[in-house]
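Quick note: numbers below take in every heavy atom, side chains included, and nothing from hydrogens, waters or symmetry partners. Order of the sequence lines sets the chain letters (A, B, ...), proteins ahead of strands, with each chain counted from 1.
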There are 2 protein chains.
Amino acid sequence: MDSGAVILDLNQLRRSCASCALHELCLPAGIYGDDLRQLDAAIRDKRTLERGATLYRDGDAFRALYVVRSGSLKTFLQNEAGDLQILAFHLPGEILGFDALASNQHVSQAEALEHSSICELPYARLMQVSNEVPALHRQLMRVISREMVAEHRHLVMMGRQPAQERLAIFLQNLVDRYAHLSRDDISLTLSMSRYDIANYLGLVVETVSRLFTRMQETGVLEVNRKSVRILRPDLLAELCSTQHPVPMKRHDHD
Amino acid sequence: MDSGAVILDLNQLRRSCASCALHELCLPAGIYGDDLRQLDAAIRDKRTLERGATLYRDGDAFRALYVVRSGSLKTFLQNEAGDLQILAFHLPGEILGFDALASNQHVSQAEALEHSSICELPYARLMQVSNEVPALHRQLMRVISREMVAEHRHLVMMGRQPAQERLAIFLQNLVDRYAHLSRDDISLTLSMSRYDIANYLGLVVETVSRLFTRMQETGVLEVNRKSVRILRPDLLAELCSTQHPVPMKRHDHD
DNA sequence: ACCGGCAGTTGACCTCGGTCAATTGAATGC
DNA sequence: GCATTCAATTGACCGAGGTCAACTGCCGGT
């Protein structure tokens with residue numbers, strides 16, 4: 001690598017990864033000292049996106065991975081017919097863009113749900129640094145793998161859970177992820193619309209609306225537009241797993 | 001790396017990756033010559049599994065990735081209640097086990113659907129080789145990414161498609177993957193049970209059965225137990241996308 | 001401060017696919 | 001070769017959640 005990139009002044013360092021409040025969550029977890037410094041050098045740009053702005057779209061050439069610094073985004077797939085399926089919501093500290101590694105172009109679209117700021121990790125630079133810092137490669141794969149595991153959970157929800165469980169799991173998941181960001185763990189501000197939530201859960205907006213109403217009526221939570229306050233975290237947790245009246249087991253056939 | 005592993009005799013080489021009929025599909029795509037030789041050395045074991053045998057289960061320590069040489073496997077998630085969701089079917093040339101990278105232990109279960117043979121890629125060895133052969137790291141990430149993309153398609157199916165489309169997409173997908181393995185492209189032997197198919201698609205077995213019957217009645221295919229012959233690939237392709245009577249578009253809200 | 005538009009809610013109705021139950025038939029064991 | 005078993009099919013019924021439509025109330029713009 002060119003030595004110019006490795007030698008950093010304190011100023012640059014302060015503005016970027018090493019001082020990022022989220023650096024534990026983002027890539028360099030497990031990477032310290034000089035390695036971190038190198039990684040830091042690979043992060044070229046910080047961008048901000050307005051609500052509704054597109055970070056990348058289906059077909060775009062793959063240049064970089066992106067870390068959410070603040071705000072939130074959704075990624076989704078859209079077919080020819082215009083049908084769309086939201087794949088994930090991305091909160092601060094999380095990384096987007098892995099789906100483009102396979103074909104060198106993005107196969108999904110990423111859009112900001114609110115005013116957000118993003119770190120760009122140019123992939124070519126990332127690979128250069130990785131060659132010097134083997135730990136980075138492994139860390140990258142760990143992060144991709146974590147994303148796969150999250151998608152597995154999403155899949156189970158879609159395949160097996162009834163509507164109310166889906167919403168409960170969704171909310172619980174948001175609570176967990178925001179708690180991780182050391183926020184108040186019982187109140188949420190939903191940056192996504194009811195349409196987005198419904199779509200993500202494989203439901204329609206009316207169903208989501210009714211479920212919010214029902215959960216409010218049963219005292220689980222208090223909801224007012226985008227703000228949700230969990231009143232009974234215990235009840236919410238219960239709702240996350242189907243309480244089969246008859247404990248109907250799913251087969252375990254060959 | 002220890003030099004003993006790099007020096008291979010022709011015999012060993014012939015038995016393994018370099019001569020594997022599927023080597024284009026599996027890991028070393030884009031890796032040649034000495035690099036391939038090194039990779040080959042990292043592949044320790046070939047195992048065979050009987051139908052129903054478990055390759056790894058939830059909680060197992062992560063030691064290796066696995067390549068299917070012949071036969072087929074399913075991977076699935078199973079929760080405390082015994083509910084289970086099949087995540088994927090794995091055909092020859094495909095790689096399993098990436099979900100374990102995140103936590104260093106498997107978080108799903110893999111089971112053979114029929115007599116199968118498997119290449120084991122010990123992860124530690126793989127990482128050693130990768131440090132010498134940067135291309136391998138990138139290729140590995142490409143493969144994980146490809147798997148993620150496939151899972152996205154699965155997700156869309158679960159979230160948006162009605163039952164018949166799901167089965168059509170499933171069959172089309174199998175046809176494509178087997179065509180890739182240069183088999184007869186209009187007849188399939190389903191190694192998985194109807195229960196497995198139903199589960200994978202988020203349906204119940206009765207629905208799958210009815211759909212097979214209907215597709216047979218409409219002349220799309222001929223089905224007899226595990227064997228399926230696609231009579232009208234064109235019709236099958238049509239069934240893969242919902243033909244909205246009214247071309248109802250899914251919203252594209254903020 | 002009023003208006004327009006769209007996010008969100010609510011209600012009435014209907015449909016797709018799930019549930020339950022009976023039957024068929026292919027494989028495996030004695 | 002017959003019985004047992006379980007995968008698969010078929011039919012009758014039902015209900016969770018989708019569809020359609022009407023309404024409410026925020027929010028943003030001028």
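Distance from the side chain of Y195(B) is smallest to dA7(D) among dG18(C), dA7(D), dT9(D). Nearest nucleotide to the side chain of T213(A), out of dT10(C), dG18(D), dG18(C): dT10(C). Checked against dT10(D), dG8(C), dG18(D), the side chain of S209(B) finds its nearest nucleotide in dT10(D).
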Evaluate the salt bridge (Lys or Arg N to Asp or Glu O under 4.0 Å) criterion for residues E120(B) and R63(B): first the C-alpha distance (whole Å), next the side-chain angles of each, then the deciding distance (0.1 Å), finally the verdict. CA-CA 9 Å; E120(B) 193 173 319; R63(B) 287 181 15 255; 2.6 Å; yes

Stepwise side chain to side chain contact (heavy atoms under 4.5 Å, CB included) test for I197(B) and L167(B): CA-CA 8 Å; I197(B) 298 173; L167(B) 184 57; 4.1 Å; yes

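Distance alone, capped at 3.5 Å, places no donor-acceptor pair between the R229(A) side chain and the I186(A) backbone.
T207(A) has a side-chain polar atom (N or O) that falls below the 4.0 Å cut-off from OP1 or OP2 of dG18(D). Regarding contacts with the backbone of dC26(D), every side-chain N or O of K226(A) stays at 4.0 angstrom or more from both OP1 and OP2.
When the P atom of dA8(D) is taken as reference, atom CD of Q216(B) falls 15 Å away, rounded to whole Å. Rounded to an integer number of Å, the gap from CZ of R194(B) to P of dG25(C) is 15 Å. Nucleotide dC16(C) holds its P atom 17 Å from the CZ atom of R160(B), rounded to whole Å. Rounded to whole Å, atom P of dT9(D) lies 9 Å from atom CD1 of I197(B). The nearest whole Å value for the distance from the CG atom in N199(A) to the C1' atom in dA7(C) is 16 Å. Regarding N224(B), its CG atom lies at a distance of 12 Å from the P atom of dG25(C), rounded to whole Å. Computed from coordinates, the L167(B) CG to dG17(C) P distance equals 12 Å when rounded to whole Å. We find that CG of L201(B) is positioned 18 Å from P of dC16(C), with the value rounded to whole Å.
Contacts of T48(A) classified as side chain to side chain contact (heavy atoms under 4.5 Å, CB included), with partners at least two apart in sequence or in another chain: H115(A), S117(A).
Nearest-nucleotide positions on DNA chain D for R214(A) and E206(A) put R214(A) closer to the 5' end. In terms of position on DNA chain C, the residue among R210(A) and R225(A) whose nearest nucleotide sits closer to the 5' end is R225(A).
Judged purely by distance below 3.5 Å, without hydrogens or angles, the side chains of T75(B) and S108(B) never pair a donor atom with an acceptor atom. Checked by atom type, the side-chain pair E151(A)/H152(B) shows a donor-acceptor distance below 3.5 Å.
By the 4.5 Å heavy-atom criterion applied to side chains, M157(A) and M158(B) are not counted as neighbours.
End-to-end axis angle for the helix from dA1(C)-dT30(D) to dC30(C)-dG1(D), using five pairs per end and rounding to 10°, comes out at 50°.
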